[in-house]
There are 2 protein chains.
Amino acid sequence: MVTDMQSRTSATRTGRPRSAAADAAILEATRAALVELGWSKMTLGDVATRAGVAKTTLYRRWAGKNELVVDAVAVLFDELELPDRGSLAADIEGVVLQFAAILDRPEAKTALMAVVAESTRDEPLRERIRTSIVDRQKRLVLEGRARATARGELPPETDAAAAARTADLIFDVVAGAVVHRTLVSAEPADEEWVHSFTRVLLLGLAGASAQP
Amino acid sequence: MVTDMQSRTSATRTGRPRSAAADAAILEATRAALVELGWSKMTLGDVATRAGVAKTTLYRRWAGKNELVVDAVAVLFDELELPDRGSLAADIEGVVLQFAAILDRPEAKTALMAVVAESTRDEPLRERIRTSIVDRQKRLVLEGRARATARGELPPETDAAAAARTADLIFDVVAGAVVHRTLVSAEPADEEWVHSFTRVLLLGLAGASAQP
DNA sequence: CAGTTACGCTACGACTCGTAGCGAAAGCGT
DNA sequence: ACGCTTTCGCTACGAGTCGTAGCGTAACTG
């Protein structure tokens, strides 16, 4: 979570250890500040005060606002799981509804778009977002396909490269559509919408695999 | 573009008129500053200096950074047109490639995500984005469907409400997928990707209309 | 020429940022 | 118990940005 070379390389650190409670308090205070103030009006000084922590302590652990907010929001995606609803279509609908529920939170709305905007000019930040947020979502695509293949709903993959491209395409379509619906169109990704979207996606994928 | 009640209600304004050249210079300076500095490091004072304009002049015309950047980036979407490539699939591919080309610009990357992030806590800003940017894209979806219907590629719409929902779905899927591919996955939406995406989308829509 | 509005310029208080310095606290090894 | 090391809370600071006020001048209208 926090990038510190020494604490991982040497098993036993000398000196006073960093307070784990402070980490938790800071991240929770960050989410609270995001809810109340949004990204632009949230200040690190305010977060430190809310967490009952000195501002210098915060700067010792995170390089800046971007990194802190990524860590604070990343935990929201821990609850993402692939439910076994019996069919590929039902599984996808379940995951998409979970994803939509997370994006419905005010702290996720304002934080995700902002850090993505910053990441366009900050390659390390983009990597941090990828490993702590995006890859967790992408993993569900691969798991879902594996489960559907085991069920016999999908044929086993023969071309690994083509399979990877298809997984990337699915991921961008699913995540992009939900994000755009929620944040740009500002309309809820409710069950009816998710059902329509899933049907179009699956029919499209079925047709694409039928006529290569 | 600029919200001024008086200049439109009363046809002839008394006093010194606002310099149209200043407007153009400010918007161009804004785009230049976005390219060089990105959203977060761009300051209105710097924009005013680049434009050869006093900072106070800038504040007389725009309420803040958000509104200014929306206006500055909106013109990038003026070049979006619906090319007549002969088939619905080819038309969609053409539009998506245009959209991808705009999103490939650095000023569009950093600005669009940032203002969308701000709009989650600013309803007037979201409305401004919608009317000056989003609706211009959405219109292409409606035009494309009308043209395809005229060609006979699509059946005439019977249920207006269902047709509107479908158009919204298509729009969120197309725009969301391209944005996610470009900004989150950070990989180019090149011809190959657009071709794969368009095929999945059209097959899905065809299948969905076949089995209502 | 009088009236009105926009402009450039300067200056200002308020705020945020990120860092430095200090003494005290909390661990570890001997 | 005693150093050694690192973290902690606190205060203070220069630098930078924000958005506005005031002023004299420029541009356009009747």
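Lettering of chains follows the sequences in order, A, B, ..., and the numbering in each one begins at 1.
- Taking the centre and axis of the six-membered ring of A:Trp39, the NZ or CZ atom of A:Lys65 falls inside the cone set by 45° and 6.0 Å.
- Not a single donor-acceptor contact under 3.5 angstrom links the side-chain atoms of A:Arg16 to the base of D:dT6.
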Residues A:Val69, A:Val73; criterion side chain to side chain contact (heavy atoms under 4.5 Å, CB included); working and verdict: CA-CA 6 Å; A:Val69 169; A:Val73 176; 4.1 Å; yes

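- Computed from coordinates, the B:Asp46 CG to D:dA15 P distance equals 20 Å when rounded to whole Å.
- The shortest distance between the side-chain N/O atoms of B:Thr57 and the OP1/OP2 oxygens of C:dG8 is below 4.0 Å.
- Atom OH in A:Tyr59 sits roughly 18 Å away from atom P in D:dT11 (whole-Å rounding).
- Comparing A:Ala54 and B:Leu44 along DNA chain D, the residue whose closest nucleotide (by nearest heavy atom) sits nearer the 5' end is A:Ala54.
- Under a cut-off of 6.0 angstrom, the local environment of CD in A:Gln98 is crowded, with over 12 non-hydrogen atoms contributed by other residues, nucleotides or ligands.
- Counting to the nearest Å, the P atom of C:dT16 and the NZ atom of B:Lys65 are 16 Å from each other.
- For C:dA6, the base has no donor-acceptor partner in the side chain of B:Arg18 [N/O atoms by modelled type, under 3.5 angstrom].
- Listed candidates were D:dA27, C:dG21, C:dC9. Nearest to the side chain of B:Thr56 is C:dC9.
- Nearest-nucleotide positions on DNA chain C for B:Gly15 and B:Val53 put B:Gly15 closer to the 5' end.
- Closest contact between the side chain of B:Lys55 and the listed nucleotides C:dC17, D:dG19, C:dG8 involves D:dG19.
- Nearer the 5' end of DNA chain D, as judged by each residue's closest nucleotide, is the contact made by B:Gly45, out of B:Gly45 and B:Pro17.
- Separating the CG atom of B:Asp23 from the C1' atom of C:dA6 is a distance of 12 Å, rounded to the nearest angstrom.
- Residue A:Glu67 contributes atom CD, which lies 14 Å from atom C1' of C:dG18 at whole-angstrom precision.
- Remark: the B:Arg60 side chain and the C:dA6 base include no donor-acceptor N/O pair separated by less than 3.5 Å.
- Counting heavy atoms from C-beta on, the side chains of A:Val70 and A:Asn66 never come closer than 4.5 Å.
- The separation between A:Ile26 atom CD1 and D:dT7 atom C1' is 12 Å, rounded to whole Å.
- When the P atom of D:dT20 is taken as reference, atom CG of B:Leu58 falls 12 Å away, rounded to whole Å.
- Each of B:Ile102, B:Val179, B:Ile133 was scored for a side chain to side chain contact (heavy atoms under 4.5 Å, CB included) with B:Leu112, with one residue passing: B:Ile133.
- Of the candidates C:dC17, D:dT5, D:dG9, the closest approach to any side-chain atom of A:Thr43 belongs to C:dC17.
- With distances taken from any side-chain atom of A:Thr14 to the nucleotides C:dC17, D:dT5, D:dC28, the minimum falls on D:dT5.
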